[in-house]
Amino acid sequence: MTVSKDLSRTAYDHLWMHFTRMSSYENAPVPTIVRGEGVHIFDDKGKRYLDGLAGLFVVQAGHGRTELAEAARKQAQELAYFPVWSYAHPKAVELAERLAGYAPGDLNKVFFTTGGGEAVETAWKLAKQYHKLTGNPGKYKVVSRAVAYHGTPQGALSITGLPALKAPFEPLVPGAHKVPNTNLYRAPVHGDDPEAFGRWAADQIEQQILFEGPETVAAVFLEPVQNAGGCFPPPPGYFQRVREICDRHDVLLVSDEVICAFGRLGTMFACDKFGYVPDIITCAKGMTSGYSPIGAAVVSDRVAEPFYRGGNTFLHGYTFGGHPVSAAVALANLDLFEREGLNRHVLDNESAFHATLRKLNDLPIVGDVRGDGFFYGIELVKDKATKETFDDEETERVLYGFLSNALFENGLYCRADDRGDPVVQLAPPLIADQRVFDEIEQILRSVLTEAWTKL
């Protein structure tokens with residue numbers, strides 16, 4: 001069989017792209033990326049772009065790292081595949097020990113998946129069975145935040161707080177309830193007092209638990225910095241109060257770190273950045289810097305304990321969970337993190353990145369610049385004084401009809417999104433420096449200035 005040389009046309013004919021309006025490519029070329037190097041990617045025409053999203057919040061160590069490719073080659077030759085269903089293999093054991101060493105508190109048990117949505121699905125199933133094994137069979141519900149994204153499997157999608165993403169697939173898994181998020185820019189109360197707003201937002205979780213009945217609530221799922229809506233960091237004291245609430249009502253706290261773990265905020269696990277110890281951490285993306293797929297739920301000894309007794313079994317698993325090649329790549333990636341000090345680099349440069357992006361506040365279309373580490377969102381408005389956002393027609397015309405394509409055409413791959421309010425998100429590889437920050441700001445300034453004329 002011959003392979004078509006017209007990749008763009010073949011992509012439209014055969015490759016069903018994810019979260020993509022396929023009709024938009026019926027008479028237009030599909031952007032096709034063929035190579036990566038450092039913080040840059042290259043298309044099939046040879047044009048270079050700055051990867052301002054690290055692929056999909058993934059490529060922490062940058063593109064073209066030969067040592068990660070070599071780790072995959074070496075492991076594939078030695079043992080390409082074996083499941084961790086009642087058997088172990090060395091790389092899965094070594095990686096599990098490594099992740100447990102990085103995790104806070106007593107989070108010492110690692111259940112491998114192949115991605116983040118699967119890790120979230122795992123955590124909900126684990127929470128439900130844990131409560132059944134500990135004499136609380138009625139605890140099955142979960143609480144998460146409005147606008148939050150937690151994945152696409154049926155359970156993870158139920159936890160997700162984006163109605164438009166869920167509507168085509170309803171009815172979903174029952175028992176998922178939503179509370180306000182921590183968007184200080186649009187805080188309904190205490191907008192001028194972050195600590196008071198944090199207390200209020202955390203207390204909404206307790207109110208929801210009490211409303212549903214603590215005897216029915218299994219877990220609370222929260223991202224350290226919420227992705228959808230545009231990078232909402234936690235107010236001071238927020239997670240400490242949530243931890244107290246969960247302990248008071250025997251509810252597990254799940255830190256969904258699929259995006260935030262592995263250096264995105266400058267620590268291996270983001271809960272360390274904000275000083276709280278969850279019961280479960282879900283993670284994926286940056287564990288291998290995207291060089292091979294893997295995910296995990298990192299679980300506390302307390303939660304794992306009943307599963308290690310007698311005939312109890314967690315009846316759950318994935319064919320490719322803990323894949324030998326992916327585990328080997330993850331270990332090589334974590335070696336690289338330590339050797340090159342990537343977490344330290346993020347901590348040393350996060351303020352400079354934020355300050356560079358804040359320069360855009362002088363533009364009339366920029367309402368807020370927020371985030372943490374190398375993970376920032378720029379919220380767009382049509383009136384800075386009133387914080388008035390785009391209507392549906394303006395979103396379609398300006399955000400999707402102009403901004404997304406214009407940023408890419410000007411050499412910046414990033415995300416322009418309207419899950420919540422219109423935002424542009426930036427999350428470059430962790431090797432980015434001031435030169436990269438400046439280039440991002442200059443491209444954004446030019447394109448956002450033009451976008452303003454189209455409102």
Side-chain angles (χ1 to χ4, degrees), residues 57-58 60 84 88 90-127 130 150 219-225 234 239-240 242-243 246-247 251-289 294-308 314 316 321-322 326-338 341-344 346-347 372-373 375 430:
F57 316 104
V58 170
Q60 316 296 60
V84 292
K91 294 304 180 185
V93 174
E94 188 179 345
L95 180 58
E97 182 184 37
R98 188 83 166 266
L99 295 178
Y102 290 136
D106 70 337
L107 277 75
N108 291 313
K109 303 294 190 292
V110 179
F111 190 100
F112 285 115
T113 68
T114 59
E118 290 177 356
V120 170
E121 198 83 359
T122 296
W124 191 3
K125 290 178 72 174
L126 181 63
Y130 164 79
H150 291 282
V220 172
F221 282 72
L222 303 173
E223 297 166 276
V225 175
F239 275 108
Q240 288 69 31
V242 172
R243 179 72 269 181
C246 288
D247 289 343
V251 171
L252 301 186
L253 175 56
V254 181
S255 188
D256 184 357
E257 305 197 10
V258 171
I259 287 177
C260 293
F262 307 112
R264 182 52 53 192
L265 306 185
T267 52
M268 280 300 186
F269 289 116
C271 51
D272 283 337
K273 184 81 176 279
F274 301 116
Y276 67 98
V277 179
D279 299 294
I280 303 172
I281 296 172
T282 55
C283 57
K285 293 187 183 291
M287 195 190 308
T288 65
S289 285
I294 197 168
V298 187
V299 184
S300 74
D301 289 336
R302 177 178 71 89
V303 172
E305 190 272 334
F307 294 91
Y308 280 63
F314 185 33
H316 178 65
S326 294
V329 173
L331 287 163
N333 181 56
L334 296 172
D335 287 344
L336 189 156
F337 258 78
E338 295 183 358
L342 291 187
N343 283 324
R344 184 73 258 165
V346 172
L347 295 175
D372 197 278
F375 185 38
L430 307 187

Side chains of N343 and T267, donor plus acceptor under 3.5 Å: no
Taking every non-hydrogen atom, the tightest pair across A123 and V254: CB-CG1, 4.1 Å
In terms of relative ring orientation, are H316 and F111 parallel, tilted or perpendicular, with 30° and 60° separating the classes? parallel
Between Y276 and S255, do the side chains contain a donor N or O and an acceptor N or O under 3.5 Å apart? yes
From Q60 CD over to L342 CG, what is the distance, rounded to the nearest 0.5 angstrom? 8.5 Å
Between atom CG of L253 and atom CD1 of I280, what is the distance when rounded to the nearest 0.5 Å? 9.5 Å
Do NZ/NE/NH1/NH2 and the carboxylate oxygens of K273 and D372 come within less than 4.0 Å? yes
Evaluate the side-chain proximity of E94 to L331: yes if any heavy-atom separation is below 4.5 Å, no if none is. yes
Look at the rings of F57 and F375 and say which category their plane angle falls in: under 30° parallel, 30 to 60° tilted, over 60° perpendicular. perpendicular
L252 vs C246, side-chain contact (heavy atoms from CB on, under 4.5 Å): CA-CA, chis, key distance, verdict: CA-CA 6 Å; L252 301 186; C246 288; over 6 Å; no
Counting N and O atoms only, with roles assigned by atom type, does the side chain of E118 sit under 3.5 Å from a partner on the main chain of T114, one being a donor and the other an acceptor? yes
CG (L99) and CE (M287) are apart, to the nearest 0.5 Å, by 5.0 Å
Report yes if some heavy atom in the side chain of V277 is under 4.5 Å from a heavy atom in the side chain of C271; otherwise report no. no
Run the side-chain contact (heavy atoms from CB on, under 4.5 Å) test on R264 and K285 for me, step by step, so that the C-alpha distance in whole Å, both residues' side-chain angles and the decisive distance to 0.1 Å come before the verdict. CA-CA 10 Å; R264 182 52 53 192; K285 293 187 183 291; over 6 Å; no
Gap between atom CZ of F269 and atom CZ of F274 - 0.5 Å precision: 15.0 Å
Counting N and O atoms only, with roles assigned by atom type, does the side chain of Q240 sit under 3.5 Å from a partner on the main chain of G275, one being a donor and the other an acceptor? yes
Minimum heavy-atom distance between P224 and D256, given as atom pair plus value: CD-O, 3.3 Å
Rounded distance [0.5 Å steps], CZ in R98 versus NZ in K91: 10.5 Å
Of all the heavy-atom pairs spanning V110 and A96, show the shortest one and how long it is. CG2-O, 3.5 Å
Residue pair L265 / A270: nearest heavy atoms and the distance that separates them: CD1-CB, 3.6 Å
Measuring only between side-chain heavy atoms, which start at C-beta, is P278 closer than 4.5 Å to I281? yes
L334 vs L95, side-chain contact (heavy atoms from CB on, under 4.5 Å): CA-CA, chis, key distance, verdict: CA-CA 9 Å; L334 296 172; L95 180 58; 3.9 Å; yes
All heavy atoms of V225 vs all of P234, minimum pair found to be CG2-CD, 4.3 Å
Derivation and outcome, side-chain contact (heavy atoms from CB on, under 4.5 Å), residues S300 and N108: CA-CA 6 Å; S300 74; N108 291 313; over 6 Å; no
Tell me whether E97 at atom CD has more than 12 heavy atoms from other residues, nucleotides or ligands lying less than 6.0 Å away. no
Do V299 and L107 touch side chain to side chain, with heavy atoms closer than 4.5 Å? no
In the structure I gave you, are the side-chain heavy atoms of M268 and F337 within less than 4.5 Å of one another anywhere? yes
Both conditions, 6.0 Å and 45 degrees, for the charged tip of K125 above the ring of Y130: are they met here? no
Side chains of N333 and S289: is there a donor and an acceptor less than 3.5 Å apart? yes
For a quick test of reading the model, state the closest non-hydrogen atom pair linking G322 to V84 and the distance between them. O-CG1, 4.4 Å
Could you tell me the separation between the CZ atom of F307 and the CG atom of L126, rounded to the nearest 0.5 Å? 4.5 Å
Test D301 against K109 for salt bridge (Lys or Arg N to Asp or Glu O under 4.0 Å), laying out the working first. CA-CA 7 Å; D301 289 336; K109 303 294 190 292; 2.8 Å; yes
